[in-house]
Amino acid sequence: VQLAIPRSWTGKTPKALLLEHYRSWLKSKKVNIKGDLLKYKCDQGGRGTGVRYSVRNIGTGVKKEDEWEYSMPENERCDSVDEAENYVSTIALYNIVGNLNIQKLLPPSFRDLWVHWQ
C-alpha cells in the first residue's frame with residue numbers, strides 16, 4: 001500500500017490526530033497521563049517485503065474495557081515505517097471516531113482510504 005504524505009501537506013498526520021484525540025479522551029476521563037500513550041509495533045517486515053504495524057494504547061491507567069489494539073490487514077504492507085504508522089493510525093481513528101467528520105483533516109491518500117471504508 002502506498003500512502004505517502006505530500007511534502008506540501010501542512011496539516012496533521014493521522015498519527016498526530018490519533019494521539020491528539022486519545023489525549024483529549026484521557027483528559028475527559030480524568031486519567032493521569034504518564035509516559036507513552038500509544039505503542040506502535042512492527043508485526044512483520046524486512047528489506048523488500050514492506051512493513052506491517054499495529055498500535056495500542058498503553059501505560060495510561062485506563063480500565064481494561066477501554067484498552068484497544070488495531071493492526072494493518074494481514075495481506076497489506078507499506079513501503080516505510082512512517083506510512084505504516086500513519087496507516088494503522090487511520091485504521092484506529094476510523095474504528096474509534098468513524099462517526100465524526102475528521103477525514104477532512106487527513107492527508108489526501110488517507111482521506112481516500114477513509115472514504116473507501118465508509
(request) Walk me through it: do Ile96 and His21 pass the test side chain to side chain contact (heavy atoms under 4.5 Å, CB included)? (result) CA-CA 9 Å; Ile96 295 167; His21 170 77; 3.6 Å; yes
(message) If I compare all heavy atoms of Glu69 with all of Ser54, which pair ends up nearest, and what's the gap?
(response) OE2-OG, 3.5 Å
(request) Check Ser80 against Glu83 and note the closest heavy-atom contact, atom names and distance. (result) OG-N, 3.1 Å
(message) What's the separation between atom CG in Leu18 and atom CZ in Arg23, rounded to the nearest 0.5 Å?
(response) 11.0 Å
(message) How close do Pro107 and Trp9 get, counting heavy atoms only, and between which atoms?
(response) N-CZ2, 3.5 Å
(request) Measure the shortest side-chain to side-chain distance between Pro6 and Ser109 over non-hydrogen atoms and say whether it is less than 4.5 angstrom. (result) no
(message) To check you understand the geometry: which heavy-atom pair defines the closest contact between Ser89 and Lys15, and what is its length?
(response) OG-CA, 3.4 Å
(request) Indicate the ring-plane relationship of Tyr53 and Tyr40, choosing parallel, tilted or perpendicular according to the 30° and 60° boundaries. (result) tilted
(request) Could you check if a side-chain atom of Leu3 sits within less than 4.5 angstrom of a side-chain atom of Asn86, using non-hydrogen atoms only? (result) no
(message) Can you classify the ring geometry of Trp25 versus Tyr22 as parallel (below 30°), tilted (30 to 60°) or perpendicular (above 60°)?
(response) parallel
(message) Rounded to the nearest 0.5 Å, what separates atom OG1 in Thr90 from atom CZ in Arg111?
(response) 11.5 Å
(message) Would you compute the distance between atom CG of Asn99 and atom OH of Tyr94 and round it to the nearest 0.5 angstrom?
(response) 10.0 Å
(message) Quick one, Gln103 with Gln118, criterion side chain to side chain contact (heavy atoms under 4.5 Å, CB included). Give me CA distance, side-chain angles, the key distance, then yes/no.
(response) CA-CA 11 Å; Gln103 74 270 18; Gln118 288 181 318; 4.1 Å; yes
(message) Return the CG to OG1 distance between Leu19 and Thr13, rounded to the nearest 0.5 Å.
(response) 9.0 Å
(request) Mind listing the closest non-hydrogen atom pair of Ile102 and Val97 along with its distance? (result) CD1-CG2, 3.7 Å
(request) Grab the two heavy atoms, one from Val88 and one from Glu85, that are nearest each other, plus how far apart they are. (result) CG1-O, 3.4 Å
(message) To the closest 0.5 Å, what do you measure between CZ (Phe110) and CG (Leu93)?
(response) 11.0 Å
(request) Nearest 0.5 Å please: distance from the CE atom of Met72 over to the CD1 atom of Ile91. (result) 6.5 Å
(request) Indicate whether any N or O donor in one side chain lies under 3.5 Å from an N or O acceptor in the other, for Tyr87 and Glu76. (result) yes
(request) Please answer whether the main-chain N or O of Glu20 pairs with a side-chain N or O of Ser24 as donor and acceptor at a distance below 3.5 Å. (result) no
